[in-house]
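The structure appears below as structure tokens.
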Amino acid sequence: MKKLIVIVGPTASGKSRLALRLAKRCKGEIISCDAMQVYRGVPILTNQPLPEDQKKIPHHLIGFLPLHKEFSAAEFSQRAKSVIQDIARRRKVPILVGGSGFYLKALLGGKHAPVKADPTIRKKYSRLVKEKGNAYLYERLRAIDPRRAKKIHPNDTYRLIRALEIYEVTGRKPSEFAEGGGGFSALFRIQKIGLRHPRKVLYQRIDRRVEKMIRNDVVAEVKRLLRKRLSFTAKRIIGLQELFSYLKGESSLEEAITHIQRLTRQYAKRQETWFRKEKGIRWVRV
RNA sequence: GCCGGGAUAGCUCAGGUAGUAGAGCGCCAGACUGAAAAUCUGGGCGUGGGGAGUGCAAGUCUCUCUCCCGGCA
């Protein structure tokens, strides 16, 4: 059976470096599993691997998508599957590297409702929430699919809307699309490596990384995007809004930096929560 | 030096008529069914600046000291 290496861990834990080392040693190719590194034009802001490293080792799913395009776990899963199989066919070792736990789950974890996000439907429900509150949406979901409703908190508008969207598009209960064993992950012998640091060290690394981003002139990178149309997904890149507000004179650079550092630390914490519960990871303390 | 205004959770601050304290943010923990770097949930005993006084009882009233911020000199 073919081997698939998966490297997980919070942001700034050193995943890319480890991946590069492994790839050199075992003729591997790297596939990024990162919701934001897919975008073109933001290599500094999203910490994409350096061009020189990408030249030495083939990297995939990095910096290929224009910022006005939406992206999703679904699309990631599709693309990653074909890239990984292609690598394996060429007798190289695919090395999946990333911090987007949900994307990893979409790829390895199994089935999901085959329903694309529909902006019109979502807009409709967003308006409903504003008018009648999320309790109304929750009751509506409970009426059609109590099983799914039970797993969603009434305040979690995001998931409520998604569940109702699935129902509206397919006419079937969202809970029918239950998780199943993924056919894809069965094709490989998966070896998961997790990177871990003491919390204090990780936070220091994050703070330093943000400072380095500034030194590498991330401000210039972001300035070019000021007047561009950005997709819903791309708008959520950490640091984008903060640097925009600096560029528009609404905050100082100092404030923006502190803010970005904090958001990144909070993100890293959530990533740790996600991966901590994941089974079969060999944890490496760096 | 004088006149005001402050000093309460890590930070910013709320706290009629005195009855041992809350909110936002942070922080910690958790969830996560194809927009996830998102979204959501749970967690607050803190020598109430120091000292003295009045009261059954003081963050809350009185006095005093220390420090901070305005204004006037």
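Labels below follow one simple rule: chain letters A, B, ... track the order of the sequence lines, proteins then strands, and each chain is numbered from 1. Both backbone and side-chain heavy atoms feed into the values below; hydrogens, waters and symmetry mates do not.
- Atom OH of Y267(A) and atom P of C27(B) are 16 Å apart (whole Å).
- Across all strands shown, U33(B) has no partner, as no Watson-Crick or G-U wobble contact with both distances under 3.5 Å is found.
- Following rounding to the nearest Å, W274(A) (CH2) and U39(B) (C1') show an atom-to-atom distance of 12 Å.
- Close to A29(B), at under 4.0 Å from its OP1 or OP2, lies a side-chain N or O of R199(A).
- Using a 4.0 Å heavy-atom distance criterion, R270(A) is classed as a base contact.
- Atom CZ of R199(A) has more than 12 neighbouring heavy atoms from other residues, nucleotides or ligands inside a 6.0 Å radius.
- A salt bridge between E165(A) and R162(A) is present, with a side-chain N of the basic residue lying under 4.0 Å from a carboxylate O of the acidic one.
- Look at G26(B): it lacks any Watson-Crick or wobble partner with both distances under 3.5 angstrom.
- Rounded to the nearest Å, the gap between the P atom of G10(B) and that of U17(B) is 26 Å.
- Side chain K269(A) to base A29(B): a donor-acceptor pair is found below 3.5 Å.
- The distance from atom CG of D156(A) to atom P of G42(B) is 12 Å, rounded to the nearest whole Å.
- Looking at E75(A) and R79(A), a side-chain N of the basic residue comes within less than 4.0 Å of a carboxylate O on the acidic one, giving a salt bridge.
- Taking side-chain N and O atoms only, N155(A) has no distance below 4.0 Å to OP1 or OP2 of U39(B).
- No contact: L240(A) has no heavy atom under 4.0 Å from any strand.
- Under the Watson-Crick and G-U wobble criteria, each requiring two contacts below 3.5 Å, nucleotide C67(B) is paired to G6(B).
- In this structure, Q271(A) places its CD atom 15 Å from P of A31(B), rounding to the nearest Å.
- Residue pairs meeting the salt bridge (charged side-chain N to carboxylate O under 4.0 Å, His left out) criterion with at least one partner in residues 209-220 of chain A, sequence neighbours excluded, are absent.
- Straight-line distance between the C1' atoms of C65(B) and G26(B): roughly 34 Å, to the nearest whole Å.
- L65(A) and F76(A) fall within a single hydrophobic cluster, where Ile, Leu, Val, Met, Phe, Trp and Tyr are joined by side-chain heavy atoms under 4.5 Å apart, directly or via other members.
- Legend: residues meeting ring-ring contact (aromatic ring centres under 6.0 Å, His included) with Y39(A), ordered by chain and number and at least two apart, are absent.
- Residues T46(A) and Q37(A) have side chains that never bring a donor and an acceptor to within less than 3.5 angstrom of each other.
- G6(B) and G49(B): their C1' atoms are spaced 11 Å apart (whole Å).
- The CD atom of Q261(A) sits 16 Å away from the C1' atom of A37(B) (whole-angstrom rounding).
- For the C1' atoms, the distance linking C25(B) with A31(B) amounts to 22 Å, nearest Å.
- To the nearest whole angstrom, the two C1' atoms, one in A23(B) and one in G19(B), are 22 Å apart.
- Listed pair T273(A) / G30(B) meets the phosphate criterion, a side-chain N or O lying under 4.0 Å from OP1 or OP2.
- Side-chain contact, S252(A) with E254(A): no donor N or O sits under 3.5 Å from an acceptor N or O.
- Scanning atom types as modelled, one donor and one acceptor separated by under 3.5 angstrom connect the side chain of D34(A) and the base of A37(B).
- With values rounded to the nearest 0.5 angstrom, R205(A) atom CZ is found 15.0 Å from R265(A) atom CZ.
- At whole-Å resolution of the value, CG in L160(A) and C1' in A31(B) are 14 Å apart.
- Pairs passing the ring-ring contact (aromatic ring centres under 6.0 Å, His included) check and including a residue from residues 187-224 of chain A, sequence neighbours excluded, read F184(A)-F188(A).
- Within residues 57-73 of chain A, the residues having any heavy atom under 4.0 Å from RNA chain B are, by residue number, F71(A), S72(A), A73(A).
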Write down the protein N/O and nucleotide N/O pairs, taken from nucleotides 23-26 of chain B, whose separation is under 3.5 Å; answer none if there are no such pairs.
residue	atom	partner	partner atom	Å
G26(B)	OP1	Q266(A)	NE2	3.0

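- Side-chain contact annotation: Y246(A) with E242(A), donor-acceptor N/O pair under 3.5 Å absent.
- No contact: F76(A) has no heavy atom under 4.0 Å from any strand.
- Taking the P atoms as reference points, U54(B) lies 15 Å from C63(B), given to the whole Å.
- Among residue pairs with one or both ends in residues 273-286 of chain A, those qualifying as side-chain hydrogen bond (donor to acceptor under 3.5 Å, both in side chains) are W274(A)-E278(A); sequence neighbours excluded.
- With rounding to whole Å, R162(A) atom CZ is found 17 Å from C32(B) atom P.
- Nucleic acid contact for T46(A): base, since at least one base atom lies under 4.0 Å from a heavy atom of the residue.
- Following rounding to the nearest Å, E272(A) (CD) and C32(B) (P) show an atom-to-atom distance of 18 Å.
- In this structure, A52(B) forms a base pair with U62(B), meeting either the Watson-Crick or the G-U wobble geometry with both donor-acceptor distances under 3.5 Å.
- Using a 4.0 Å cut-off, no side-chain N or O of Y103(A) falls inside it from OP1 or OP2 of A38(B).
- A distance of about 13 Å separates the P atoms of G4(B) and U62(B), rounded to the whole Å.
- Look at S100(A) and you'll find a side-chain N or O under 4.0 angstrom from OP1 or OP2 of A37(B).
- Among the protein residues, Y39(A) comes within range of no part of the nucleic acid, since none of its heavy atoms lies under 4.0 Å from any strand.
- The 5' end of RNA chain B is approached more closely, in terms of each residue's nearest nucleotide, by R276(A) than by the other of R276(A) and G99(A).
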